[in-house]
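Here is the structure we will look at.
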Amino acid sequence: MAPGWQDKARLGWGGTGTPAATATVHACAPEGGQAQWLAFVGGTWVARAACVPLIVTSNGQDDSVNLGIGVPCDKTTTP
């Protein structure tokens, strides 16, 4: 979660158990040299619908992503 959202939203991804403010998902090697689709059990929990800002870290770089949960983040799209 982005700063200020730790008490407003939770993630529970990859069978991590109790929803938390952070989740770590490790990459899996592709089988037979081809990328595979992966599904992770879990999701998001919020007290009310919101556009939740997330910080995604991959290969040592951070990127901000907005996740619409019950409401669109971009007013031109639907959640």
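Small disclaimer: the values here were computed from a predicted structure and weren't measured. Computation of the quantities below employed the complete heavy-atom set of this structure, encompassing side-chain atoms and omitting hydrogens, waters and symmetry-equivalent molecules. We're numbering straight along the sequence, starting at 1.
For the residue pair Gly12 and Trp45, the shortest heavy atom distance occurs at N-CZ3, 3.3 Å. Of all heavy-atom pairs between Gly68 and Cys73, the closest is N-SG, 3.4 Å.
One finds the OG1 atom of Thr44 at 7.0 Å from the CG atom of Leu11 (value rounded to the nearest 0.5 Å). Distance CG/Asp63 to OG/Ser58: 9.5 Å, rounded to 0.5 Å. Atom OG1 of Thr22 sits about 11.5 Å away from atom CG of Leu54, to the nearest 0.5 Å.
In this structure, the side chains of Pro3 and Ile55 come closer than 4.5 Å at one or more pairs of heavy atoms.
Between the side chain of Gln6 and the backbone N or O of Gly4 there is at least one donor-acceptor pair closer than 3.5 Å.
The only member of Asn66, Ile69, Val71 that meets side chain to side chain contact (heavy atoms under 4.5 Å, CB included) when paired with Val52 is Ile69.
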